[in-house]
**Q** 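Sharing a structure with you now.
Ligands are counted one by one from 1 in listed order, and the atoms in each one are counted from 1 as well.
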Amino acid sequence: MAENKKKESKESKFAYKKKSAWEIFTKEQIKKSFDFCVDYKNFLNIAKTEREAIKYINENAKKAGKNIIINKDKSAAIIVLGKKHISQGVRIVISHIDSPRLDLKQIPLYEEVTCNVALFETHYYGGIKKFHWVVIPLALHGVVVKKNSKKLSFSIGEKDTDPIFSVPDLLPHLSRKVQDTKKISEAVAGESLDILVGSQPAKGDFSEKIKTAILDKINKDYGITEEDFVSAELEAVPALKARDLGFDRSLIAAYGQDDRVCAYTAYKAIMDLKNPEFTSIALFVDKEEIGSEGNTTAQVSTFLRSVIKQIDKNVDIDGVMLKSKVVSADVNAAVTPNYTEVFELKNASTLGNGVVMSKFTGHGGKYSANDASAEYVSEIRTILNKEKIPWQTAELGKVDNGGGGTVAKYFSRLGMEVIDLGPAVMSMHSPYEITSKVDVYSSYLAYKAFLKY
Ligand code: MN
Ligand code: MN
């Protein structure tokens, strides 16, 4: 075989090369990745809102005898005590459980007499491309607190036998003036994202027959009146099931993977955690997609302080925080076919290359960034390498092309070490986001390893 001389490598042995999770993982680990994602898809189908995610996590954590504390049905902490006392600091993996969607307004129902239909008014939640949300099947999830203070939980549109809802769009034949010549961000207006909810008029002498019939129907079915919508949180989410994508089934397409992919993998990691060195907390927070504003979010440290106090009421909380280490479990943007020009490819995340370490977030000039220290990045990198967990490093897009942030900065403000760690997602913030099964599994392994040390 003399002729088949090994070609000399052109790359320096000191060069860094991003590795594929498909190569690093053993055959068994790849199988485990696929198996892991069966239940992950199930979680995505069950937990399409922040409340549903907390309910799932709470029920399963309690069933397994875990210590879990719930805050207002929208955020939670699972705690596993470590060998060292809590005064030595804690390990936290924090993820968010809210996703972009269409929220109903407080007086949502109206009849469009010129069209013979009834609709719900919406106000979109989070950063969406509005044209993604028309003509797809939508389900309504959420709660209505009725006049008698009774809380009703809703989920309509998920079962095959359920009706769905949808935002109508204009046919291409007539969209030339009102859509086609506009900027894509203006082609579908925020006020145009109203949802069709019915068309059959009531019999009788009513001024709005269709609206009347809808009110009658929802009162009959759920006992709610129009005023009850004022004290409701109803969210229209894609009525799409999580599915395997591709001939090889290597990818997952589903709604809400930002950031429930991290919520699920963090939840699994702490459920499987045994005898960690430091007290470990998996924290799940709400409203990240609207800037973490509100009493169930990462900006409010009161809940975390209360959790630490519940572990040891005499501990010096600031002292604990200064010694604590955090993984901000959130997704990064996967380099997207046909649009690779917005990424700086050496420093961008790609599907199938494992969990993404983002040293810093923010935008132009690192504004509003959490920038993890070199020392902390080294710690995380060492753990991942030691455990042979596939990882890559990335920032979100080219310099000055945009950017984004996560909850990391709110925890670094408390004096903790914080870094972003999570899988790459393609089509992020769309109704059908895409992840790779080996990246999902890598994230689970990464969170578990982080909490263990
Ligand atoms: Mn996110
Ligand atoms: Mn997001």
**Q** Does a donor on one side chain and an acceptor on the other come within less than 3.5 Å for Ser175 and Asp180?
**A** yes
**Q** For residues Gln179 and Asp169, is any side-chain donor paired with an opposing acceptor at under 3.5 Å?
**A**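 Yes - a donor-acceptor pair under 3.5 Å links their side chains.
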**Q** So if I apply the side chain to side chain contact (heavy atoms under 4.5 Å, CB included) rule between Glu50 and each of Glu288, Lys74, Glu289, which one comes out positive?
**A** Lys74
**Q** Run the ring-centre check on Phe284 versus Phe303 and record whether the distance is less than 6.0 Å.
**A** no
**Q** Please step through salt bridge (Lys or Arg N to Asp or Glu O under 4.0 Å) for the pair Asp103 and Arg101, ending with a clear verdict.
**A** CA-CA 6 Å; Asp103 282 350; Arg101 61 188 188 241; 2.6 Å; yes
**Q** For the Mn ion (ligand 1), which protein N/O/S atoms fall under 2.8 Å? Skip waters.
**A**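 As for protein N, O or S atoms lying under 2.8 Å from the Mn ion (ligand 1), they are His96 NE2, Asp258 OD1, Asp330 OD1, Asp330 OD2.
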**Q** Between the side chains of Asp330 and His96, does any donor sit under 3.5 Å from an acceptor?
**A**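 On atom types as modelled, these side chains qualify, holding a pair under 3.5 Å.
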